[in-house]
**Student:** 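Dumping the structure here so I can ask a few things about it.
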Amino acid sequence: MGSVTPIAQLRAAVEAASESVAGADGRARARPTLERPKQAGHGDYATNAAMLLAPVVGAPPRDVAERVGSELQSLLGEAVERVEVAGPGFLNLFLSHAWHTAALAHVLEAGTAYGGGAAAPAQRVNVEFVSANPTGPMHAGHARNAAYGDALARILAFRGHEVTREFYINDHGSQVRKFGESIQARARGAEPPEGGYQADYVRELAQALDGPADRDVMEVADAGLALMLERMRATLQAFGVEIDVWFSERSLHDGADPKVTQAFARLDELGQTYRSDGALWLRTSAHGDDKDRVLERSTGEHTYFASDLGYMLDKRERGFDRLLLVLGADHHGYVNRMRAAFESLGGDPEDLELLIMQFVHLVQRGERSSMSKRRGEFVSLDDLVGEIGVDAARWFLLQRSHDTTVDLDIDLAREQSSENPVFYVQYAHARIASIRAKAGAGRVEAALAEAGAHAGDLDPAERTLVKKLLAFGEEVAEAADRRAPHRIAAYALELAQTYTAFYRDCLVVGAEGEGVESFRLALSVASQRTLARSLDLLGVGAPDSM
RNA sequence: GCCCCCGUAGCUCAGUGGACAGAGCGACGGCCUUCUAAGCCGUUGGUCGCAGGUUCGAAUCCUGCCGGGGGCGCCA
């Protein structure tokens, strides 16, 4: 069971009541909301259906509300205690004891799958993220990109989509040679060449590699890239990120019939390219870009953009329904040309989503430091994790919307107290584990079987907690559909607060009254599972003890 | 000049048409014979940048302006 959620049932009832008052046509024209009112006196749920139907029916909103309300009352039967008309025509639903206990039973029956698996239609989604340049270490900006891309992938997968996590390796082009030259120069005790890589890690690479002073430059470059990539893989893994496909840019240029060449041929067929000044241009301006872009220089060399075309062609041929690209803030100038590139290859603009991450500022002792490489102040992803741990790093990077800049307070993130939100949420989870241990596994199992037997009046904290648990499915849907993992973080914090209020007001183990202890144990188990799932979707741990 | 993001409480930010705008931090004041005090409660605090418009209803949608950040190579 569990296919129809208690919320979905309420929605269906609102739809049916609307139809019976305004007809099928009227119902179709209104899309009523069903929301949890902020104010307690406004019931468990409220709908604006009557206000939307009023102009269709041609009657005052409150009159329509009376009619819809009485329909709702008879449709919902014993699930509802009363329906009130309020304000300009809101309908406030006050739900019964039976509805609340049945709702908890629904949550429990769904088990650990609760809240997921409902995407319609399910899509094959490619999420490309991080794609850090392998010629340098990853910094805190990449950490945000990694945390976001990974959490998004987790959420989309939980929602029921088929997800591939992909990392694009920039292992082609003149920068690779420069990288090799820089390592070699350091190995020989010299300065890197003009435009080369100056930073300390290059010196360290020169020592770690086998005899770079005397080998071929490209061999040195490749060995350097391989080592850097291996380190990135390890860093990401430690950060909780597993990449499914490591895609080499160079591979797009290799072989008898390189993908880039195939892309050129395809674009030519579609009439998207032309020759001018000896170069091959793509008509990106025909698809919203400021100007056309070069694919092949007059020298015969391919531009970086040529690789992008080959890469997109490859992704399209792999059959994804959606391509998501998680890009750093410094790449937003590429959005238009990437879109244009995708459309040039015949893609539907809706199937490519470019998600731009805004910057991260680290704040320590009230001082803000930037991630700017230019100023040489950037903190590596490894440093950040070493400083505050994976859980805090991921939480703090994920709790804000991706399109707003983040101030990451290092001191707060390290705080092992309730002032630190990630700690607070984990603590609530651990607290439930402690309660379960006190009750004993056998007692908990029995409680789950008789969760609906609560015979007394429900405490307001119990009612509130049931409704907070019910909201999880919609939160997951919103987080997935709007590419917004931060909603899960906000939800997790609210659920932890709601559980904590329940814990304060309602004794669990040893509670008096028929079925009360069982109900509260079951409610605790459902809360624990949902907290654990929320944290997992963010890639944050859910410890049983702290 | 053109383009993108942002402007909501002292600070960092939620809130993509509904009822008195929310959270965390900060500040101030309380709470340990009680399932984790690594905790809990309360108080404080806002012309939702500004001006128009659409709507029964706007932080939310539209237009203009102001302020902050970023991007605009036949580099990768």
**Student:** Can you see whether A:Phe305 has A:Arg293 sitting over its ring - NZ or CZ less than 6.0 Å from the centre and within 45° of the normal?
**Tutor:** no
**Student:** For B:G64, give its Watson-Crick or G-U wobble partner with both distances under 3.5 Å, or none.
**Tutor:** B:C50
**Student:** Can you tell me if A:Arg431 touches the phosphate of B:A37, counting only side-chain N or O atoms and a distance under 4.0 Å to OP1 or OP2?
**Tutor:** yes
**Student:** Should B:G22 form a Watson-Crick or G-U wobble pair with both distances under 3.5 Å, which nucleotide is its partner?
**Tutor:** B:C13
**Student:** Please encode protein proximity along nucleotides 54-60 of chain B as a string of B, S and -, counting only heavy-atom distances under 4.0 Å.
**Tutor:** -------
**Student:** Can a side chain N or O of A:Tyr491 be found less than 4.0 Å away from OP1 or OP2 on B:A23?
**Tutor:** no
**Student:** Is the phosphate of B:C74 approached by A:Arg293 (side-chain N or O, under 4.0 Å from OP1 or OP2)?
**Tutor:** no
**Student:** Pairing check on B:G29: which nucleotide meets the Watson-Crick or G-U wobble criteria with it, both distances under 3.5 Å?
**Tutor:** B:C41
**Student:** Does the ring center of A:Phe167 lie less than 6.0 Å from the ring center of A:Phe247?
**Tutor:** no
**Student:** Between A:Arg297 and B:C75, does any side-chain N or O lie under 4.0 Å from OP1 or OP2?
**Tutor:** yes
**Student:** Give a yes/no verdict on base stacking between B:A19 and A:Phe90: centres under 5.5 Å, planes within less than 30° of parallel.
**Tutor:** yes
**Student:** Look at A:Tyr334 and B:C4 and indicate whether a side-chain polar atom (N or O) is within less than 4.0 Å of OP1 or OP2.
**Tutor:** no
**Student:** Hey, is the side chain of A:Lys291 poking within less than 4.0 Å of OP1 or OP2 on B:C3, counting only N and O atoms?
**Tutor:** no
**Student:** I want to check one thing: is the phosphate of B:G24, taken as OP1 and OP2, less than 4.0 Å away from some side-chain N or O of A:Gln497?
**Tutor:** yes
**Student:** Between A:Thr404 and B:G69, is there a side-chain N or O to OP1/OP2 distance below 4.0 Å?
**Tutor:** no
**Student:** Keeping to residues at least two apart or across chains, list the salt bridge (charged side-chain N to carboxylate O under 4.0 Å, His left out) pairs with something in residues 40-61 of chain A.
**Tutor:** A:Asp44-A:Lys467
